[in-house]
Colleague: 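First the structure, which I've put down as structure tokens, then a few questions once you've had a look.
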Amino acid sequence: SVGTCTYPVQGEQTAEVLPIGRPLPGMSMYVLDADLSPVPVGVLGELYVGGVGVARGYVNRPELTAERFVPDSFGTVPGARLYRTGDLVRMLPGGDVEFVGRVDDQVKVHGYRIELGEVRSVLLEHDGVRDAVVVAVGAASDKRLVAYCVPADGVLDVAGLTAHVSARLPEYMVPAVFVSLDALPLNANGKVDRRALPDPDTAALDAGPVFVGPRTEVEERIASVWREVLGLERVGVTESFFDLGGHS
């Protein structure tokens, strides 16, 4: 194992999530987008590391080496490469890096790409949540976000959490269902075992607002178009196009 960064803890820490810090001497860290360009401070990106700790590649794995080790366009050493960590992070205003999740935790729901780690990060900002994990369940056309939360005081405030997430993230990133757990299931490596998470309440997933049918000719014409486009038998006037499965 090769160390990359460090964060000195001084005094009492009140933050729920501590940064992973700054690069060690001889190492470098960059937060880049899909085009390998630096992202602004506070914006999510993938962590790339460089410097003396970067290996030459994977043994007898040329394809994986080519995928993970890319030319270092920021350094001055000829032939130097960066290692693509797969970690989703953001650069904080003070220069420290904050870990948010894994890039491979990205899912697509109703046409939108969602970083599950970003939703989890927002949940952990709430005082009523001690730990959380977010997963996507359902078929491609009916995929929903489910948040499994460990409440800080034993009672999960679903309404408060929904309002909290809605104020910080777009509507399509707000979990459809919140499940309260005493603790998150862990595997032998101490990581969340997603396969051991209980199935969410299907009734909660299917629940929606009280159905209100079209009341005017215009509403009926709009509902008719929605039914045809979305392949639904009925559409209420208070329902959301995106919640019903519509997307770009």
Colleague: I'd like to check the side chain to side chain contact (heavy atoms under 4.5 Å, CB included) partners of Val59; sequence neighbours left out, ordered by chain and number.
Modeller: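 Val59 satisfies side chain to side chain contact (heavy atoms under 4.5 Å, CB included) with no other residue.
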
Colleague: Any non-hydrogen side-chain atom of Arg144 less than 4.5 Å from a side-chain atom of Val177?
Modeller: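 No, too far: nothing below the 4.5 Å cut-off.
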
Colleague: So, for Val235 and Ala223, which heavy atoms are closest and what is the spacing to 0.1 Å?
Modeller: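 Smallest heavy-atom distance, with atoms named: O-CB, 4.1 Å.
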
Colleague: Any heavy-atom pair between the side chains of Asp193 and Leu186 that's under 4.5 Å?
Modeller: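 Not touching, per the 4.5 Å side-chain cut-off.
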
Colleague: Enumerate donor-acceptor pairs with a distance under 3.5 Å from any side-chain N or O in residues 45-58 to protein atoms, sequence neighbours excluded.
Modeller:
residue	atom	partner	partner atom	Å
Glu46	OE1	Arg84	NE	3.0
Glu46	OE2	Arg84	NE	2.8
Glu46	OE2	Gly86	N	3.0
Tyr58	OH	Tyr83	OH	2.8

Colleague: Looking at every heavy atom in both Ala183 and Val150, which two are closest together, and how far apart are they?
Modeller: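 That would be CA-CG2, 3.8 Å.
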
Colleague: Quick one: does Arg120's side chain have a donor or acceptor within less than 3.5 Å of a partner on Ala132's backbone?
Modeller: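 Side chain of Arg120 to backbone of Ala132, a donor-acceptor pair under 3.5 Å: yes, one is there.
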
Colleague: Which atom pair, heavy atoms only, marks the closest approach of Val9 to Leu18?
Modeller: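 Minimum heavy-atom separation between Val9 and Leu18: CG2-CD1, 4.3 Å.
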
Colleague: Can you sort out the partners of Asp153 under side chain to side chain contact (heavy atoms under 4.5 Å, CB included), two or more places apart, ordered by chain and number?
Modeller: Pro151, Val155

Colleague: Quick one, Val237 with Thr216, criterion side-chain contact (heavy atoms from CB on, under 4.5 Å). Give me CA distance, side-chain angles, the key distance, then yes/no.
Modeller: CA-CA 10 Å; Val237 298; Thr216 66; over 6 Å; no

Colleague: Within the 4.5 Å heavy-atom criterion, are Leu24 and Cys5 side-chain neighbours or not?
Modeller: no

Colleague: Between Leu92 and Val97, is there a shared hydrophobic cluster once you connect ILVMFWY residues whose side-chain heavy atoms come closer than 4.5 Å?
Modeller: no

Colleague: Write out all pairs satisfying salt bridge (Lys or Arg N to Asp or Glu O under 4.0 Å) with one or both partners inside residues 168-181, taking only residues at least two apart or from two chains.
Modeller: Glu125-Arg168

Colleague: Counting only N and O atoms by type, is there a donor-acceptor contact under 3.5 Å from the side chain of Glu67 to the main-chain atoms of Glu63?
Modeller: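 Not at all, since once roles are kept as given, no pair shorter than 3.5 Å links the two residues.
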
Colleague: Do Val100 and Val89 have side chains that get closer than 4.5 Å, going by heavy atoms?
Modeller: no

Colleague: When you group the ILVMFWY residues by side-chain heavy-atom contacts below 4.5 Å and let the links chain together, are Tyr172 and Val109 in the same group?
Modeller: yes

Colleague: Hey, does Pro200 have a side-chain heavy atom less than 4.5 Å from the side chain of Tyr148?
Modeller: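 Touching, per the 4.5 Å side-chain cut-off.
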
Colleague: Can you pull the salt bridge (Lys or Arg N to Asp or Glu O under 4.0 Å) pairs that have at least one residue in residues 17-29, sequence neighbours excluded?
Modeller: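 Checked against salt bridge (Lys or Arg N to Asp or Glu O under 4.0 Å) - neighbours excluded - the pairs reaching residues 17-29 are Arg22-Asp96.
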
Colleague: The criterion is side-chain hydrogen bond (donor to acceptor under 3.5 Å, both in side chains); which residues satisfy it with Asp157, sequence neighbours excluded?
Modeller: none

Colleague: So do Ile20 and Tyr7 actually touch side chain to side chain, heavy atoms under 4.5 Å?
Modeller: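 Not touching, per the 4.5 Å side-chain cut-off.
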
Colleague: If two hydrophobic side chains count as joined below 4.5 Å and joins carry through other members, does Phe99 share a cluster with Met29?
Modeller: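 The answer is yes; both residues are in one hydrophobic cluster.
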
Colleague: Decide yes or no for Leu161 and Cys149: does some side-chain heavy atom of the first lie under 4.5 Å from some side-chain heavy atom of the second?
Modeller: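 Touching, per the 4.5 Å side-chain cut-off.
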
Colleague: Checking Ser121 against Arg90 for the side-chain contact (heavy atoms from CB on, under 4.5 Å) test, could you report, in this order, the C-alpha distance in whole Å, the side-chain angles of both residues, the deciding distance, and whether it holds?
Modeller: CA-CA 11 Å; Ser121 179; Arg90 61 165 63 91; 4.0 Å; yes

Colleague: Taking all non-hydrogen atoms of both residues into account, name the closest pair between Leu116 and Val134 and its distance.
Modeller: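 The pair with the smallest heavy-atom distance is CD1-O, 3.4 Å.
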
Colleague: Would Ile222 end up clustered with Leu230 when hydrophobic side chains under 4.5 Å apart are linked, directly or stepwise?
Modeller: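 Yes, Ile222 connects to Leu230 through the hydrophobic network.
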
Colleague: Taking only residues two or more places apart in sequence, or in another chain, which ones meet Val158 in a side chain to side chain contact (heavy atoms under 4.5 Å, CB included)?
Modeller: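 Side chain to side chain contact (heavy atoms under 4.5 Å, CB included) check on Val158 returns Leu156, Thr162, Phe178.
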
Colleague: If the condition is side chain to side chain contact (heavy atoms under 4.5 Å, CB included), which residues does Ala80 pass it with, not counting sequence neighbours?
Modeller: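 In terms of side chain to side chain contact (heavy atoms under 4.5 Å, CB included), with neighbours along the sequence ignored, Ala80 is linked to Asp72, Val77.
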
Colleague: Do the side chains of Leu181 and Pro198 get nearer than 4.5 Å, heavy atoms only?
Modeller: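 Answer yes - side chains close enough.
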
Colleague: Does any N or O in the side chain of His164 come within less than 3.5 Å of the main-chain N or O of Val122, such that one atom is a donor and the other an acceptor?
Modeller: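 Yes.
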
Colleague: Go through the structure and list residues passing side-chain hydrogen bond (donor to acceptor under 3.5 Å, both in side chains) with Arg227, not counting sequence neighbours.
Modeller: Glu220

Colleague: Please report, to 0.1 Å, the donor-acceptor pairs under 3.5 Å made by any side chain of residues 30-44, with sequence neighbours excluded.
Modeller:
residue	atom	partner	partner atom	Å
Asp33	OD1	Asp35	N	2.9
Asp33	OD1	Leu36	N	3.1
Asp33	OD1	Ser37	N	2.9

Colleague: Is there a side-chain contact (heavy atoms from CB on, under 4.5 Å) between Leu197 and Val135? Walk through the geometry before answering.
Modeller: CA-CA 10 Å; Leu197 291 168; Val135 300; 3.9 Å; yes

Colleague: Listed by chain and number, what are the side-chain hydrogen bond (donor to acceptor under 3.5 Å, both in side chains) partners of Arg81, not counting sequence neighbours?
Modeller: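 Residues passing side-chain hydrogen bond (donor to acceptor under 3.5 Å, both in side chains) with Arg81: none at all.
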
Colleague: State the CZ-CG distance between Arg68 and Leu82, to the nearest 0.5 angstrom.
Modeller: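 Interatomic distance, Arg68 CZ to Leu82 CG, rounded to 0.5 Å: 13.5 Å.
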
Colleague: State which residues pass side-chain hydrogen bond (donor to acceptor under 3.5 Å, both in side chains) with Glu115; sequence neighbours excluded, sorted by chain then number.
Modeller: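 Glu115: side-chain hydrogen bond (donor to acceptor under 3.5 Å, both in side chains) contacts with Gln106.
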
